[in-house]
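In this text the structure is predicted, and so the values were computed from the model without any measurement. Per chain, numbering begins at 1; letters A, B, ... match sequence-line order.
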Protein chains: 2
Amino acid sequence: MLANMALQDEEAVGMTALDTRATTRPRRRAADVPPVDKVAARRSELAAAALKTLSELGYARTSLREIAQNSEFSHGVLHYYFRDKVDLITYCVREYNAQCVTRYDGVVATAATPEELAEGFLRKLGETLVDDAPLHRLWYDLRNQSMFEPAFHDDVAAIDRSLERMIWRIVSRYAELTGRTPLTGPAALYAVVDGLFQQALLRQLAGDPAAADDLRTAVGQLLPALLRPT
Amino acid sequence: MLANMALQDEEAVGMTALDTRATTRPRRRAADVPPVDKVAARRSELAAAALKTLSELGYARTSLREIAQNSEFSHGVLHYYFRDKVDLITYCVREYNAQCVTRYDGVVATAATPEELAEGFLRKLGETLVDDAPLHRLWYDLRNQSMFEPAFHDDVAAIDRSLERMIWRIVSRYAELTGRTPLTGPAALYAVVDGLFQQALLRQLAGDPAAADDLRTAVGQLLPALLRPT
DNA sequence: GGAAAGTCTTGACACTCGTCAAGACGGGTG
DNA sequence: CACCCGTCTTGACGAGTGTCAAGACTTTCC
């Protein structure tokens, strides 16, 4: 069994809480495979299948059996690696976050002029709008679920804050490069950019081929307006 | 039966398509009750129960039986007045829209100075954030569903456009009163305000008592920045 | 080798879902 | 009165849901 490794209260299998399991050394003597455990790998694998299914069908229409069918396992295994549906989706949301928040870090680090930063940011913004559209609509779906389902709230709020910081890093660096300061705080700035992105996503998924271009134009136009006039 | 009144193709009951039924005169000779029909009233009544249920539970967790339980009828009657679940929810979305788009019209019409307009707009914005929070989260939920379910797309897009026009009326009038012009088009303006409102809604529903105040502050701060500098 | 532990499948459970058909009820009209 | 028609309830159907237990298969350990 997996359950008796670390948790005594949890009645079920290896849980999310023991993501920090790397501390308890596995008793395998040598290290033919990385000791980070196959469990984490399986869980990641199943979470990937879940993310794929969720981003295609949306939260309301996604069932555990459908997720399992998008993996190479049967539906029972999901309850071996996750306590229940909420636990699985929470895990998915965390994985989504990890792949998201570093998207613009390269641009922020390398840009030497405000124009270069803006151009790099807009390019990546438009790219992810068309390339990762299903994933983004899933994020908005799950964030909305958190307004109804308190079980999701904490994880969703944490991710939203990390996205807020991501936007803040971009805009405050942009302001720095222009020698000015942002007009508002991180929350409002994020809300503005997120609103523009969400509207562009709606149009993108409706088949509007100009969605990405218009998003770039709008954000590019608004970016200077979000700085305090000198 | 209700079906044979106007539609021959529709296999079921009195449908949404015959909202314009007032043209075909009912064969009741006199007019003891308004000829606008009890049917439309019932449908409105059921839609109200559906809106209440949806705004409490969200799309994913709302069933027809639960809706019926929030009305004074049994679950079967829903299929007497609506073809199916999609038809019912579509009808609900339209009713929501009707009550929404006129919210700021009074302020826009009466305000004589930009400060008066801004102050009236921000007041009503904050009011509806706290008073109609469940309804607003439902709107965002359904708009997200339209990214997965094509059946919802057309109605949702139409409402989003009407909200866009609503915001445009406010901001363009605000610009007019200040003798300036909006920095961007209606779509981007709406996206910005909507993003701020959505973020405030998340905080409001999470119990943050400062959500409305912060929303008013942020929008009030951004409103002048969204006009072209003279 | 055999025993134990870990992993995965299968099949069932107790529900809930949307939909629909059969019929009950009630108020007008012949 | 009986009849009809619009309205509404009841109960069922098949399909799909999350969850879990029993066991089969695989790997690891002594």
Phosphate OP1/OP2 of dT19(C) contacted by H79(B) side-chain N/O (<4.0 Å): yes
Separation of atom CD in Q69(A) from atom P in dT9(C), rounded to whole Å: 13 Å
Sugar-phosphate only, base, or nothing, as touched by S71(B) at under 4.0 Å among non-hydrogen atoms: nothing
Distance below 4.0 Å between Y80(A) side-chain N/O and dT7(C) OP1 or OP2: yes
Dump the pairs, protein N or O against N or O of nucleotides 21-27 of chain D, anything under 3.5 Å, distances to one decimal.
none

Rounded distance (Å) that lies between atom C1' of dT16(C) and atom CD1 of I67(B): 14 Å
Quiz item: cation-pi between K85(A) and F152(A), 6.0 Å / 45°: no
Salt bridge flag under 4.0 Å for residues R42(A) and E45(A): yes
N or O in side chain of S63(B) less than 4.0 angstrom from dT16(C) OP1/OP2: no
Shortest side-chain distance from S74(B), nucleotide among dT7(D), dT9(D), dT9(C): dT9(D)
All salt bridge (charged side-chain N to carboxylate O under 4.0 Å, His left out) counterparts of R103(B), not counting sequence neighbours: D132(B)
Under 4.0 angstrom between R42(A) side-chain N/O and dC8(C) OP1 or OP2: yes
Step-by-step side-chain hydrogen bond (donor to acceptor under 3.5 Å, both in side chains) determination, Y81(A) to D87(A): CA-CA 9 Å; Y81(A) 287 101; D87(A) 187 40; over 6 Å; no
Plane angle bin for Y96(B) and W139(B) - parallel if under 30°, tilted between 30 and 60°, otherwise perpendicular: parallel
Rounded interatomic separation in angstrom, taking NZ from K85(A) and C1' from dT17(D): 8 Å
E66(B) side chain to N70(B) side chain, donor-acceptor N/O pair below 3.5 angstrom: no
Interatomic distance, L64(A) CG vs dC20(D) P [rounded to whole Å]: 11 Å
Between dG18(D) (C1') and E66(A) (CD): distance, integer Å: 15 Å
